[in-house]
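Here the structure is laid out as structure tokens; the discussion comes afterwards.
Numbered from 1 within each chain, the chains take letters A, B, ... in sequence-line order. Bear in mind that the values here come from a model prediction, so they are computed numbers and not experimental data.
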Amino acid sequence: MTFALLIEQLLNGVQLGVMLFLMAAGLTLIFGVMGLINLAHGSLYMVGAFACASVAALTGSFWLGLVASLAAAAAAGALIEITVIRRLYQRDHLDQVLATFALILIFSEGTRWLFGSFPLYLDIPPLLQGAVGLPGGAQYPVYRLAIILAGALVAFGLYALISKTRLGMRIRAGESDREMIAALGVDIRTLYTLVFALGAALAGLAGAMVGALQSVQVGMGEPVLILAFVVIVIGGIGSIKGALVGALLVGSVDTLGRFLLPQALALMVPPDQAGLIGGALASMLIYILMAIILAVKPRGLFPAQA
Amino acid sequence: MAEPVLAIRDLRKSFGALKATDGVSIDLYPGEIHALIGPNGAGKSTLIHQICGTLRQDSGQIRLAGQEIGHRTVAERARLGLGRTFQISSLAGEFSALRNVMLAVQAGQGSSFRFFKPVMRDRALTEAAMERLERVGLAARAHVPASELSHGEKRQLEIAIALALDVKAFLLDEPMAGMGPEGSKVLTGFLDRLRQEAPILLVEHDMDAVFALADRISVLVYGRVIATGTVDEIRNDPAVRTAYLGDHA
Amino acid sequence: MKRENAINLVLLLALLATPFIAQAMGETFTVTLVTRIAILALAAVGLNIALGLGGLVSFGHAAFFGTGGYAAGILASHAMSGEPMLFGFEGSNQMPVVWLAAAIAAGIVSLAIGAISLRTSGVYFIMITLAFAQMVYYFAISWPAYGGEDGLSIVLRNAFPGVNTMRPMEFFLVCFGVLLAALIFSALLRSSRFGAALQAVRQNEVRVASIGISPMPIRLTAFVLSAMITAVAGALYADLNRFVSPSMLSWHMSGELIVLIILGGTGRLMGPVAGAALFVVLEFWLGGITERWQFFLGLILLVTVLFARGGVIGLLAGKERHG
């Protein structure tokens, strides 16, 4: 039974990791290509979740909702890139932080304005309801497995996009030499808008998929955003590969820590205390992991170019 | 010959399979300008980084005035008298020329952890700094922000800062970079003034400037010093000619 | 600089005079509002040492603000219940003791966070300070001894010798006094040798190291001093609300503290005061007009960042100059 539980927790960890990867990939891509730190990335996640929930409620189809989440997040991303973000590329990080912080206030309050203060709920589509058996006799929800699969597909798709396509080539060129790519006659403004919208769409997709597991509400994006920051700090800012490894690491350490730490402590102290101390320690675990990795590798596990 | 002020012995540094610094030994003697030249990718800037402490060597020694500095931090090396001077970037561009020199005086005295006494009322600082500015002829511009000084004035400021620091050996990294054709003339005056304070190790890509300025030259190719000598010796060295001057001379 | 000094003086006098006028007109709530301004200004004066002078964009100062708040709450609750805490210490309801405890606690936390995060710079530093503050936040939520998610009430505001702190006016004067002390400290600091080195490290780190000043100890000292001042503000904030909760540690709080400084003018001595005044008044005024005030606050902030970078002080006093 414990073994089955462990497998289940491990899968939960991977599922969390996949979500974090979708967020972190966009963040790290935007930082790598444009040198921008975007706090409002969590708002795009929220936009995706709200778009999916409301379109699903309207049409009765989760799948249409999923399409809507991609479209809405990409559109919101493109819109803020053209109106605001574009003016920030040449600014220092402080200005970027503040302007995108302001965008969070606008997005959060704007969403509350449109949808009210009550959370929306999103049902898991019939196709993905139910559970499958795991070795050891446990059951695992199909939907969570589907999220893991979707994340794996996106990771593979991103890899193919960046290493095999013309757009990917331009993105790589943009990372290493902004002037050269401009000299090659690539329309850099359009490229940036495209990259930003792509990152936004990934965040929106993550929001929509998580929306069916939790409630869809204002402020849902921020905790995920900060975890995604931890992911890219661990993985190395600008590295997609680092984002993937970091996300899986953070996802599994966080989930397994919450599961195992109280049990491990129960061997040493009374069970009620073990739960308390273990819970508190587990909530700090990924930050401690981040601190340790930074102490050894200040630029993360897979530092991008100098 | 006198003892070298700066002595680099068998310095080595690799990045993976690339031997960026491959057993380099260089001496800098009192009063001289010693130029280090070499084609792009010869490992000049890797070497400079190791000397000033931003990169750590794999093996070998760096001695300044007889003291081993190879394992010290950038700031510690500076406090021991290694003066790295920059051509373009000011110490603190927002500060006035006077406050830049005051900062150097403060650094030379070794105490930055004083929290209450206003520096502008600290006559030990202001007078010492003003005296340096007067010596380089920049006193009239003492209260102008460093970033608003002209190129020439910025160099005067660099000398004033160096005067405040008690430098034992200077390190100059590509001083000609980004300068127009008039540059070398201005630079000559600058280096002559610096040389009166301490000997200079000059790393430079521009051959003509080096031949005009240097007392001695070391040629770096693929991380190795292939020759060291006077300007004439280097000009006529067959190894240098084939390895480096071939396409220039 | 002359003109900026005059503006600074007017600002301080206005801050001091407003509660007296409000009190005379019977507007007690205004006294509380101005007290809030003074406390937030104090927190931002702290942050401004790291951010304005040192160029260290800490997105985690809520951790220190909240640490101060919890120091006040925890000491007060032990003093109230008589239950001894660590080392048999029985808590305290005396403000000077509480402030000292707040400053020491935040000093220790900031030393640990600073030692790790100052090894990095730029975006890394922003994200790491944010992440560590979030760690403290989650710790406060999941540690149930002092209220966990629900927070901790302070039944009676902590006491200050010779003052009845439960009276809004007298509590305001205590807060104003601390703010004034912090401003004087901050003014001395910026013109001292340490301040010169700190500002130079911000302008050109490599160059400062090359004249023999190590940037790391300078930055770490600034970061810790900055955290300690912000923590004292946190203790006062907890006393003002007579309540401390994890929301004081939240990343919104960190963001707000930065916003205060930017609204007022980055690196200016009185920037935090001007910014806090503007922020609280804006919040109050917009909050009276529309429920959606955060939306408009966001818009105003966005416009300020994009188009008016000098903040209030910059607008009034022009470009900054160093002697």
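Only the side chain of C:L51 comes within contact range of chain A, with at least one heavy atom under 4.5 Å from a heavy atom of that chain. Only the side chain of A:R91 comes within less than 4.5 Å of a heavy atom in chain C; its backbone stays farther off. A:L227 does not touch chain C: none of its heavy atoms, backbone or side chain, sits under 4.5 Å away. Contacts between C:Y137 and chain A at a heavy-atom distance below 4.5 Å are absent for every atom of the residue. For C:V57, the part sitting under 4.5 Å from any heavy atom of chain A is the side chain, from C-beta outward, and nothing else. For C:I126, the part sitting under 4.5 Å from any heavy atom of chain A is the side chain, from C-beta outward, and nothing else. Contacts of A:A295 with chain C are made by backbone atoms alone, with heavy-atom separations under 4.5 Å and no side-chain atom involved. Of the atoms belonging to C:I128, heavy atoms from both backbone and side chain fall under 4.5 Å from chain A. Only the side chain of A:L88 comes within less than 4.5 Å of a heavy atom of chain C; its backbone N, CA, C and O stay farther away.
Rounded to the nearest 0.5 angstrom, C:L297 CG and A:I106 CD1 are separated by 9.0 Å. One distance of note links CD1 of A:I226 with CE of C:M135; it measures 13.5 Å at 0.5 Å rounding. One distance of note links CE of C:M127 with CE of A:M290; it measures 11.0 Å at 0.5 Å rounding. For the atom pair CD1 (C:I113) and OH (A:Y287), the distance works out to 12.0 Å, reported to the nearest 0.5 Å. With rounding to the nearest 0.5 angstrom, the CG atom of A:L285 is 14.0 Å from the OH atom of C:Y138. Note that CG of A:L294 is 7.5 Å distant from CD1 of C:I116, once rounded to the nearest 0.5 Å.
Looking only at heavy-atom pairs under 4.5 Å with chain A, the residue among C:L306, C:V303, C:I141 that has the most is C:L306. Chosen from A:A282, A:P298, A:G279, A:A102, the residue pairing most often with chain C at heavy-atom distances under 4.5 Å is A:A102. Contact count against chain A (heavy-atom pairs under 4.5 Å) is highest for C:F295 among C:W293, C:F139, C:F295.
In terms of heavy-atom proximity, C:S142 sits nearest to A:S283 at OG-OG, 3.3 Å. Closest heavy-atom contact between A:F101 and C:G255: CZ-CA, 3.7 Å. Taking each heavy atom of C:V305 and A:D95 in turn, the nearest pair found is CG1-O, 3.6 Å. Here the shortest heavy-atom pairing between A:L225 and C:W251 reads CD2-CH2, 4.4 Å. Across every non-hydrogen atom of C:L302 and A:A99, the tightest pair is CD1-O, 3.5 Å. Closest approach of C:A131 to A:V230, counting heavy atoms only: CB-CG2, 3.7 Å.
Between C:H252 and A:E222, some side-chain heavy-atom pair lies under the 4.5 Å cut-off.
With a 6.0 Å radius and a threshold of 12 heavy atoms from other residues, nucleotides or ligands, C:Y146 has its OH atom above the threshold. The local environment of CD in C:E291 is sparse, with at most 12 non-hydrogen atoms from other residues, nucleotides or ligands closer than 6.0 Å.
Looking only at distances, no side-chain donor or acceptor of C:R292 sits under 3.5 Å from a matching main-chain atom of A:G110. For the pair C:Y124 (side chain) and A:R299 (backbone), a donor-acceptor distance under 3.5 Å is present.
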